[in-house]
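We count residues from 1, following the sequence as given. None of the values given here were measured: they were computed from a predicted structure.
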Amino acid sequence: MLHFHEIIRNAAAGVALMAIGCAAQPAKSAAAVTADPEIAAALQQISAPRIQANIEKLVSFGTRLTLSAQDPASIASGRGIGAAREWIESEFERYSKDCGGCLEVKTDSFTEEPTERIPKATEITNVYAVLKGTDAANAKHMVLVTGHYDSRNTDILDGKGDAPGANDDGSGTAVSLECARVLSKLKFPATIVFLTVAGEEQGLNGSRHFAKLAKDQGWELEAALNNDIVGGDKSAEQDHSVVRVFSEGLPAAAAEQDIRRIRALGGESDSGSRQIARYIAEVGRTYATGVKPMLVFRLDRFLRGGDHYSFLQQGFPAVRLTEYREDFHHQHQNLRTENGIEYGDLLKFVDFDYVARVAKLNAATLASLAAAPPPPANVHILTKDLENDTTLAWEASPGGLAAEYEVLWRATTSAEWEHAQAVGSGTRATLKLSKDNVIFAVRAVDRAGHRSLPVVPVPER
C-alpha cells in the first residue's frame, strides 16, 4: 500500500471535484501531512532514563495490587498501592509546578463493593492531571492517555507477595507520566487528560468508574489511548520496531438501529476507534517516533481485555497499545525460577528505550489531536437521487479553528485511507466517484495543517 503522503500528492490526477455552493473550482490536491516543528521538538524531550526511573520507582513499592495496603503506615514505609498512588500524585504535582501550575491534579476515589476478585469493600483511586485547553471555545474537546498502576502476581487476591508489575503496567503508567511531563510545557486549544487507574487486574474497576464519571460530566472525549504492556519485553522473538494498536469494529455502545445501519452500509470497520487507529498510523509516518504502529482490527488480544473497553462501553472512542509479542512467563506470575525459566514481571525484562518510543507515539498523537480543530459535525452523503457522483454535506467544525476541509476515501477492502482531496472552506462537496465503490470521510484542517479525526458520513435522503 502507498503511504498516505505519497497518495495525496496525486489525489487530483484522476478525480474531478466541484465544491457545491460556490463557483466551480479546479481540482486541488491536498497538502502533504507535515510535522509540526513544536510537536517534533517536544518529542525529543521524552527521556528513556526518566521512564526507567519512573518504572523503577513503581517496582520499588513491592506490590501494587489493588487489594494491597494503603494505610498511613504502609504509605510512609513505601509499600503497597497506597504508596504508589501518593507518589504518582506527587509526580503530577511536580510537573505542574515546573509549568507554573498548568496541570490540575486530581484523584477519583470510590469504594468498590465485594466481587469475585474483591473479597471486601475496597477503596480504589484513579490519579490524573488535566492540561486544560487555552482556547475557551475548544477547551471542552478532550483527548486522554491512560495506563493502570496496579499490579498482580499469580494469586489475584495476594496483597502481600511481591508483584513488581514492571511491564504490566508500570510501562503504561510511565507513558502517561512522561507525556504529562513533556506536553505540559506546550499549549493546545483542546484539553489533554493524563490518567493512571487502579483496579484493572481486579476487573477494570478504576477505568469503569472513571469512564462513567466522564460520561456523567458530559466530557466531549474524542480519543482515549490505553497503554498496557508496552515494555518491549526482551524475549528473543520480540519486534522492538512495532507496537500493536487494537481497535473495536462494531461500537460497544451502539444501539440496535445503529448496528443495522452499519451492517447495511458496510461500515463495520469505521468505528470511532478505527479512526483513532488510522490517525495513530498517520502520526507514526509523520513524526520520527522510532516505532511503527501495527493496526490490529479487533477489540483486544484474543479473548482478553483492558481499560479501553471501559471507555468504549460509555460511547467514547478508545484504542489499546501493546508490545508486539508478550512473554507470558513475565505476566501474572509469582517471582520464581522453574526448569531454567525465570518467572515474574521484573525490571530486567523491560526495554526502556522501547517504552520511550511508544511514549513519543502517544505524545505525538495527543498533541496532534489537541492542536487540531474538532471534527466536522453531522457529516452526510446525500442520497435523494440515484447518481454515480457523490455529494457530501456537513456542519462546520465548532470552535472556529478550521480553515478548510478534506474529503478522504479508500477502497472498501483497504485498511487505511488511500486518498485525500482538499475541498475548501465550504461545507458541501461533490466528487465524481460512486459511493457504492469506496468509503468516504471528511475532516477539518486548520491554517497550520493540523487535522482532525475523520468522520464517516451517514446517508441523508
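Salt-bridge annotation for R278 and E416: absent, with no side-chain N of the basic residue lying under 4.0 Å from a carboxylate O of the acidic one. The existence of a salt bridge linking R50 and E91 is excluded, since no basic side-chain nitrogen approaches an acidic carboxylate oxygen closer than 4.0 Å. Between R410 and D270 there is a salt bridge, with a side-chain nitrogen of the basic residue lying less than 4.0 Å from a carboxylate oxygen of the acidic one. A salt bridge links E282 to R443: one of the charged nitrogens lies within less than 4.0 Å of a carboxylate oxygen. Ion pairing between D169 and R64 fails under the 4.0 Å rule for side-chain N and carboxylate O.
Seen from the ring of Y95, R181 does not count as a face-on cation partner, given the 6.0 Å and 45° thresholds.
Donor-acceptor pairing under 3.5 Å is lacking for the side chains of D345 and H332. Between the side chains of D307 and S310, not a single donor N or O lies within less than 3.5 Å of an accepting N or O. There is a side-chain donor-acceptor pair under 3.5 Å between E323 and N167.
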Walk me through whether R79 and D162 qualify under salt bridge (Lys or Arg N to Asp or Glu O under 4.0 Å).
CA-CA 10 Å; R79 183 172 178 86; D162 282 346; 2.9 Å; yes

Before giving the answer on side chain to side chain donor-acceptor pair (under 3.5 Å), spell out for H330 and D233 the whole-Å C-alpha distance, their side-chain angles and the decisive distance to 0.1 Å.
CA-CA 8 Å; H330 303 157; D233 184 275; 2.7 Å; yes

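Side-chain atoms of S77 come within 3.5 Å of backbone atoms of S74 as a donor-acceptor pair (strictly under, hydrogens ignored). Put simply, the side chain of Y354 gets close to the backbone of V242: a donor and an acceptor are under 3.5 Å apart. The closest donor-acceptor contact from the side chain of S176 to the backbone of L195 lies under 3.5 Å. Between the T173 side chain and the H148 main chain, a donor and an acceptor come within less than 3.5 Å of each other. Q70 places a side-chain N or O within 3.5 Å of a backbone atom of E123 that can act as its donor or acceptor partner. Side chain of S241 to backbone of D239: no donor-acceptor contact under 3.5 angstrom is found. With hydrogens and angles disregarded, a donor-acceptor distance shorter than 3.5 Å links the side chain of S151 to the backbone of A163. Panel note: side chain S273, backbone S247; no donor-acceptor pair is recorded below 3.5 Å. Under the 3.5 Å distance criterion, the side-chain polar atoms of S368 are matched with a main-chain donor or acceptor of A364. Judged by distance alone, the side chain of H308 and the main-chain N or O of L321 form no donor-acceptor pair under 3.5 Å.
The shortest non-hydrogen separation linking G305 to R320 is O-NH1, 3.3 Å. Contact detail for V319 and I280: the closest heavy-atom pair is CG2-CD1, 3.8 Å. Considering every non-hydrogen atom in both L335 and G344, the closest pair reads CD2-CA, 3.6 Å. The heavy-atom pair separating R117 from L67 by the smallest distance is O-CD1, 3.8 Å. Considering every non-hydrogen atom in both R274 and E268, the closest pair reads NH1-O, 3.8 Å.
Considering only heavy atoms from C-beta on, N437 stays 4.5 Å or farther from T412 through its side chain. Within the 4.5 Å cutoff, no side-chain heavy atoms of V59 are placed close to those of E56. Side-chain atoms of V407 and F440, non-hydrogen and from C-beta on, do get closer than 4.5 Å to each other. Between V243 and R357, every side-chain heavy-atom pair lies at or beyond the 4.5 Å cut-off. Side-chain contact between E200 and S207: absent, with no pair of heavy atoms (C-beta onward) separated by less than 4.5 Å. The side-chain heavy atoms of P189 and L401, taken from C-beta on, include a pair separated by under 4.5 Å. L369 is not listed as a side-chain neighbour of F188, based on a closest heavy-atom distance of 4.5 Å or more. Taking the side chain as every heavy atom from C-beta outward, I39 and Y287 approach each other to under 4.5 Å.
For the side-chain contact (heavy atoms from CB on, under 4.5 Å) with T191, the qualifying choice from N138, L144, V130 is V130, the only one to do so.
Residues in residues 249-286 take part in no ring-ring contact (aromatic ring centres under 6.0 Å, His included) pair, two or more places apart or across chains.
Ring planes of F311 and F316: tilted class, angle from 30 to 60°. Ring orientation note: the planes of H209 and F110 are close to parallel, at an angle under 30° on the 30°/60° scale.
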